[in-house]
Amino acid sequence: MPGTPELEPILSGPPTEVAPRLLGAVLRHAGVAVRLTEVEAYAGADDPGSHAYRGRTPRTAVMFGPPGRLYVYFTYGMHHCANVVCGPDGTASAVLLRAGEVVEGIDLARERRPRSSDRDLARGPARLCRALAIDGEQDGADLTAGPVLEPAAAVAPDRVRTGPRVGLRQAPDRPWRYWLDAEPTVSAYRPAAPLRRRPAP
DNA sequence: CTACCGATATTCT
DNA sequence: GAATATCGGTAGA
């Protein structure tokens, strides 16, 4: 189809290079468009924080496939989160879409997240999926056809900030979270949940 | 704002 | 049995 963006140059290379390229890009699906303001890199076999670290499972199969697809997983028994699978091929690397700003279809997004402020509509990986109506149906979707990813011009390097990934106990030393400075839609940083003991009987 | 808690599929121990 | 790439509600400072 004419005008379809060419994703290959954007998604080739290690996830730590792909992630900052995705900042400012727009993901469109089901009547809503979100401009990405925060992402995280996951490097597959060498990365203890990655779902792919212990090898392929039914859940993670898409990450082991070709780049340019969406990896959607279901977690905590109720939420979906979306990643862009990137290259090089066979490495199971991906970039988690953590947050963004709704730039189109805001009324639809408000319907999908009724008690949310506009700022919070896509602030957090599961909220972003809800606003875009992304769920398990989109796992493995081609990003030039299903949910559509529209790359942005590279943002100024001094607008990109990095820090530790959110909610991970593993590999906290890798500052692989990337976000745009001074964006209100960037999600709040939360360290990994501490171990919680079962209450006494 | 921080802190806790419940919901509960998938995966691992 | 227990942890997890989370969120929304509630309670409190």
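Keep in mind that the numbers below use all heavy atoms, side chains included, and drop hydrogens, waters and symmetry copies. Lettering follows sequence order; numbering is per chain, from 1.
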S.K.: Give the ring-plane orientation class for A:His80 versus A:Phe74, where under 30° counts as parallel, over 60° as perpendicular and anything between as tilted.
M.R.: tilted
S.K.: Hunt down any stem DNA chain C takes part in, defined as 3 or more consecutive Watson-Crick or G-U pairs whose two distances are each under 3.5 Å.
M.R.: B:1-7 with C:6-12, B:9-12 with C:1-4
S.K.: Between atom CG of A:Leu128 and atom OG of A:Ser187, what is the distance when rounded to the nearest 0.5 Å?
M.R.: 10.5 Å
S.K.: Can you confirm whether more than 12 heavy atoms, excluding those of A:Arg112, are under 6.0 Å from its CZ atom?
M.R.: yes
S.K.: Would you mind reading off the distance between A:Arg113 atom CZ and C:dG8 atom P, rounded to a whole angstrom?
M.R.: 4 Å
S.K.: Which heavy atom of A:Gly87 sits nearest a heavy atom of A:Ser93, and at what distance?
M.R.: O-OG, 3.1 Å
S.K.: Strictly below 4.0 Å, heavy-atom distances to any atom of DNA chain B: list the hits from residues 116-130 of chain A, or just say none.
M.R.: none
S.K.: How many angstroms lie between CG in A:Asn83 and CZ in A:Arg69, if you round to the nearest 0.5 Å?
M.R.: 14.5 Å
S.K.: When the distance from CG of A:Leu97 to P of C:dT6 is rounded to whole Å, what number comes out?
M.R.: 13 Å
S.K.: B:dT13 and C:dA5: how far apart are their P atoms, nearest whole angstrom?
M.R.: 14 Å
S.K.: How long is the line joining OH of A:Tyr189 and P of B:dC1, in whole Å?
M.R.: 17 Å
S.K.: Check A:Gly13 against A:Cys86 and note the closest heavy-atom contact, atom names and distance.
M.R.: O-SG, 4.4 Å
S.K.: List the atom of A:Gly163, the atom of A:Trp179, and the distance in Å for their closest heavy-atom pair.
M.R.: N-CZ3, 3.4 Å
S.K.: So, using salt bridge (Lys or Arg N to Asp or Glu O under 4.0 Å) as the criterion, who are the partners of A:Glu38 when residues are at least two apart?
M.R.: A:Arg98, A:Arg177
S.K.: Would you classify A:Arg177 as touching base, sugar-phosphate or nothing, given that sugar-phosphate means primed atoms plus P, OP1 and OP2, and contacts are heavy atoms under 4.0 Å?
M.R.: nothing
S.K.: Looking at every non-hydrogen atom in both residues, tell me the closest pair between A:Ala94 and A:Met63 and how far apart they are.
M.R.: CB-SD, 3.8 Å
S.K.: Are A:Arg115 and C:dG9 close enough that a side-chain N or O sits under 4.0 Å from OP1 or OP2?
M.R.: yes
S.K.: Residues in side-chain hydrogen bond (donor to acceptor under 3.5 Å, both in side chains) with A:Ser12, at least two apart?
M.R.: none
S.K.: Below 4.0 angstrom from OP1 or OP2 of C:dA5, is there any side-chain N or O of A:Arg190?
M.R.: no
S.K.: What's the spacing between A:Leu143 CG and A:Leu27 CG if we round to 0.5 Å?
M.R.: 7.0 Å
S.K.: How would nucleotides 8-13 of chain B be written as a contact map, 5' to 3', with B for base contact, S for sugar-phosphate-only contact and - for no contact, using protein heavy atoms under 4.0 Å?
M.R.: BBSSS-
S.K.: Roughly, in whole Å, what's the span from CD in A:Glu40 to C1' in C:dT6?
M.R.: 12 Å
S.K.: Backbone N or O of A:Arg159 within a donor-acceptor pair of the A:Asp181 side chain at under 3.5 Å?
M.R.: no
S.K.: Looking only at heavy atoms, what is the nearest atom pair of A:Tyr42 and A:Leu96, with distance?
M.R.: CE1-CB, 3.8 Å
S.K.: With no hydrogens and no angle check, is any side-chain donor or acceptor of A:Glu40 less than 3.5 Å from a backbone partner on A:Val166?
M.R.: yes
S.K.: Expressed as a whole number of angstroms, how long is the span from A:His79:NE2 to C:dG9:C1'?
M.R.: 12 Å
S.K.: Give me the residues of residues 100-112 of chain A where at least one heavy atom lies under 4.0 Å from an atom of DNA chain B, by number, or none.
M.R.: none
